[in-house]
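To start, the structure under review is shown below, and the notes come after it.
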Amino acid sequence: MKKIAIFASGTGSNARKLVEHFQQHAHIKIALIASNKPHAPVLNMAKEHQIPVLVFDKKKFTDTDSVLPELQNHGIDFIVLAGFLWLIPEVLIRHYPKRMINLHPALLPKYGGKGMYGMRVHEAVRAANETETGITIHYVNSAYDEGAIIFQKSCPVLAKDTPEDIAAKIHVLEHGSLPMVTERLVRDLGDRVLG
Ligand code: GAR
């Protein structure tokens with residue numbers, strides 16, 4: 001069984017899609033949901049599904065002497081950042097090379113970097129009068145939104161679309177793609193020795 005941890009800080013609609021997708025899976029399981037927000041709705045969803053949760057503050061997260069062993073205790077092989085906004089410490093990046101991905105709500109390298117998340121991205125896309133936007137799934141490295149791109153999918157932005165309309169289109173793309181891309185990547189881990 002390969003075990004995934006989801007890091008999420010918000011509503012967790014993508015986390016829910018992942019949980020539903022892997023619920024009956026024979027070889028892949030969502031084994032942990034981690035968050036920096038003790039009251040994030042995503043944690044209620046985890047409890048609903050009897051998935052263990054891990055909550056940390058900035059100090060504990062940056063001092064990964066404590067977060068890494070917790071991931072290891074849960075036997076985590078792969079990490080999905082789905083609406084998680086903090087920079088990932090080097091020790092976690094080193095420990096999960098090509099085994100940690102981030103979901104970003106724009107076509108990177110456009111509209112990425114520190115401070116570019118959630119509605120801020122859609123507002124910037126609207127303000128720039130883009131005619132298309134989309135989603136990116138990429139490996140995580142030590143810079144915000146700069147790891148190697150794995151997957152992108154675009155959608156049109158119409159002149160009448162508000163940032164909320166754009167957000168809704170992006171969520172449809174994310175929900176339709178993230179579980180499938182995650183499954184492919186975790187399956188491809190194959191028999192590599194995982195720590
Ligand atoms: C998603 O749209 C995701 O792409 C975005 O946060 C949202 C979380 O939604 N992530 C970022 O902006 C990261 N820079 P959700 O809580 O409903 O899954």
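Counting starts at 1 for both ligands and their atoms, following the listed order.
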_Residue K17 excluded, over 12 heavy atoms near NZ under 6.0 Å_ =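 No, not enclosed.
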
_Filter on ring pair (Phe, Tyr, Trp, His ring centres under 6.0 Å), then keep only pairs touching residues 152-181, sequence neighbours left out; what's left?_
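Pairs touching residues 152-181 that pass the test: H171-H175.
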
*asked:* Using a 4.0 Å heavy-atom cut-off, which part of E174 comes near ligand 1: side chain, backbone, both, or neither?
replied: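 Just the side chain.
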
Can you pull out the closest protein heavy atom to [atom]? Residue, atom name and distance to 0.1 Å, please.
atom: atom 14 (N) of ligand 1; answer: H104 ND1, 3.3 Å
atom: atom 8 (C) of ligand 1; answer: G83 CA, 3.7 Å
atom: atom 16 (O) of ligand 1; answer: G12 N, 2.8 Å
atom: atom 17 (O) of ligand 1; answer: S13 OG, 2.5 Å
atom: atom 12 (O) of ligand 1; answer: G118 N, 2.9 Å
atom: atom 10 (N) of ligand 1; answer: L103 O, 3.6 Å
atom: atom 11 (C) of ligand 1; answer: P105 CD, 3.5 Å
atom: atom 9 (O) of ligand 1; answer: H171 NE2, 3.3 Å

*Please determine if E132 and K110 form a salt bridge, counting it only when a charged side-chain N lies under 4.0 Å from a carboxylate O.*
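Salt bridge: no.
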
*Any salt bridge between E70 and K60, counting N to O under 4.0 Å?*
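Looking at E70 and K60, the cut-off is met.
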
For residues 176-184, which side-chain donor-acceptor pairs fall under 3.5 Å, sequence neighbours excluded?
residue: S177; atom: OG; partner: L173; partner atom: O; Å: 3.0
residue: T182; atom: OG1; partner: L178; partner atom: O; Å: 2.7
residue: E183; atom: OE1; partner: H21; partner atom: NE2; Å: 2.6
residue: E183; atom: OE2; partner: H25; partner atom: NE2; Å: 3.0

*Establish, for the pair K114 and Y144, whether the NZ or CZ atom is under 6.0 angstrom from the six-membered ring centre and no further than 45 degrees off its axis.*
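No cation-pi geometry.
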
*For ligand 1, is M116 a contact, meaning one of its heavy atoms is under 4.0 Å away?*
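Per 4.0 Å heavy-atom rule, M116 contacts ligand 1.
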
*Please work out which of the three classes, parallel, tilted or perpendicular, describes the rings of F7 and F56, given edges at 30° and 60°.*
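Rings of F56 and F7: tilted, 30 to 60°.
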
